[in-house]
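To start, the structure under review is shown below, and the notes come after it.
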Protein chains: 2
Amino acid sequence: MENSELLNLEEFLPYRLSVLSNTVSRGIAAAYVDRFGLSIREWRIIAVLGRYPGLSAAEIVKLTEMDKVAVSRAVNRLTGKGRLKRSLSVADKRRSVLVLSKEGKHLFDQISPLAKSYEERLLKCLPREDQDRLSGMLDNLQKQATALRPPD
Amino acid sequence: MENSELLNLEEFLPYRLSVLSNTVSRGIAAAYVDRFGLSIREWRIIAVLGRYPGLSAAEIVKLTEMDKVAVSRAVNRLTGKGRLKRSLSVADKRRSVLVLSKEGKHLFDQISPLAKSYEERLLKCLPREDQDRLSGMLDNLQKQATALRPPD
DNA sequence: ATAAATTAGTTACATATGTAACCATTATAC
DNA sequence: GTATAATGGTTACATATGTAACTAATTTAT
């Protein structure tokens with residue numbers, strides 16, 4: 001067996017992405033999980049609905065790459081706590097229409113600056129030029145990874 | 001509230017990293033989870049031990065950013081299935097010394113090329129020059145994220 | 001030399017998660 | 001128009017996970 005076929009973990013992009021993403025997610029979570037009683041996934045749903053009010057659960061699934069059951073459950077918890085309002089689409093009675101409640105909006109407003117501040121501190125390690133490049137590369141990688149993904 | 005303080009999710013680096021990492025991890029997992037009966041975390045431990053035989057559980061924790069309980073459990077499962085051998089360090093009887101068994105090595109040898117092939121196809125979307133740049137940026141980001149991480 | 005603090009790892013508990021099976025509704029095929 | 005397939009979402013079950021409390025071994029401070 002050619003040694004070059006064996007995996008060198010610390011050069012392996014998927015591994016590095018995963019480690020980095022975990023470190024970062026926990027870093028941000030530290031700022032809101034305890035303080036606001038939100039799980040990472042719940043926050044993600046708040047954030048996506050803060051940005052795009054009126055999404056359905058299925059649309060959240062597509063946007064966030066979260067599992068549809070996970071979304072269903074997080075939405076239920078958030079609705080139960082009064083952080084989200086759910087109604088049914090008139091055009092398609094299967095579809096839910098999700099929006100932040102007043103309290104949900106308030107959470108979004110409070111956590112947004114914390115999240116952005118974290119991002120800013122994180123990006124300080126890259127020169128401006130690299131930051132823009134990185135953004136483009138991530139777009140390309142995401143498209144490619146989506147294309148490579150096996151059908152469910 | 002200044003609109004600029006609100007989070008724009010699709011430009012938010014931590015979010016994009018998380019989505020990308022999930023898409024990628026699932027893409028690779030599709031190649032081994034069912035075929036070899038390995039969870040993503042178990043595979044990660046196989047991979048790190050294939051690269052660094054003799055690590056302790058705590059060292060795996062540091063290298064992979066996995067939770068120490070998660071590592072303990074995955075190691076137990078792998079040992080139970082005969083994919084890993086565990087002994088105790090002579091110098092420090094708390095420490096485990098972990099190595100792949102023959103079967104574990106075989107798994108590593110079989111999955112490595114699949115993983116590398118996935119990585120290769122993923123990276124096809126970036127010109128060579130960007131690939132090198134990306135690598136350097138990920139190093140910097142990882143260091144920064146680690147520095148920003150709150151103490152446990 | 002001994003008590004206190006640290007470190008490696010495991011266990012117990014509550015909670016979260018993924019898979020598959022399941023309704024209800026809407027779209028498609030005939 | 002009716003049967004069939006596809007879609008949105010939930011539920012049930014088994015399993016995985018995180019937190020905190022724990023044991024055992026080692027290190028540090030005195």
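Side chains are part of it too, since the values below use all heavy atoms of this structure and drop only hydrogens, waters and symmetry mates. Order of the sequence lines fixes the chain letters, A, B, ..., with proteins taken first and strands second; residue numbering starts at 1 for each chain.
Looking only at atom types and distance, the side chain of B:Arg83 has no donor-acceptor partner in the side chain of B:Thr79 under 3.5 Å away.
Looking at which nucleotide of DNA chain D each of A:Ser72 and B:Val90 is closest to, the 5′-most match is held by A:Ser72. With the nearest nucleotide of DNA chain C identified for both A:Lys93 and B:Val97, B:Val97 has the one nearer the 5' end. Each of A:Asp92 and B:Leu98 was matched to the nucleotide of DNA chain C holding its nearest heavy atom; the match closer to the 5' end belongs to B:Leu98.
Rounded to whole Å, atom C1' of C:dT17 lies 14 Å from atom CD of A:Glu42. In this structure, NZ of A:Lys68 is placed 13 Å from P of C:dG18, rounded to the nearest angstrom. Protein atom CE of B:Met66 is 13 Å distant from nucleotide atom P of C:dT10, rounded to whole Å. Look at CD1 on A:Ile45: it is 13 Å from P on C:dA16, rounded to the nearest Å. C:dA8 atom C1' lies 13 Å from atom CG of B:Asn76, rounded to whole Å. The CG-C1' distance, from A:Leu88 to D:dT7, rounds to 15 Å in whole Å. One interatomic measurement links the two molecules: CG of B:Leu38 to P of C:dG18, which rounds to 18 Å at whole-angstrom precision. As a whole-Å value, the separation of B:Asp67 CG from C:dA16 P is 16 Å.
Side-chain N/O atoms of B:Arg41 include one lying less than 4.0 angstrom from OP1 or OP2 on D:dG18. A sub-4.0 Å separation between OP1 or OP2 of C:dT6 and a side-chain N or O of B:Arg95 is absent.
With hydrogens and angles disregarded, a donor-acceptor distance shorter than 3.5 Å links the side chain of B:Arg26 to the backbone of A:Glu65. When atom types are taken as modelled, the side chain of B:Glu59 and the backbone of B:Ser56 share a donor-acceptor pair closer than 3.5 angstrom. Looking only at distances, a side-chain donor or acceptor of A:Ser101 sits under 3.5 Å from a matching main-chain atom of A:Gly82.
Distances were taken from every side-chain heavy atom of B:Val69 (C-beta onward) to each of C:dA12, C:dG9, D:dG9; the shortest belongs to C:dA12.
Residue A:Arg26 is classed as having no contact, given no heavy-atom separation below 4.0 Å to the nucleic acid. If you check every strand for non-hydrogen atoms under 4.0 Å, A:Ser39 touches nothing. Contact annotation for B:Ser96: backbone-only contact, meaning every heavy-atom pair under 4.0 Å involves sugar-phosphate atoms and none involves a base. Within the 4.0 angstrom heavy-atom criterion, no nucleotide atom of any strand lies near A:Ala29.
Of the listed residues (B:Leu138, B:Thr146, B:Asp139), just one forms a side-chain contact (heavy atoms from CB on, under 4.5 Å) with B:Gln142, and that residue is B:Thr146.
The base of D:dA25 is paired with the side chain of B:Arg94 by a donor and an acceptor separated by under 3.5 Å. Evaluation of atom-type donor-acceptor distances gives a pair under 3.5 Å for the side chain of B:Arg73 against the base of D:dG18.
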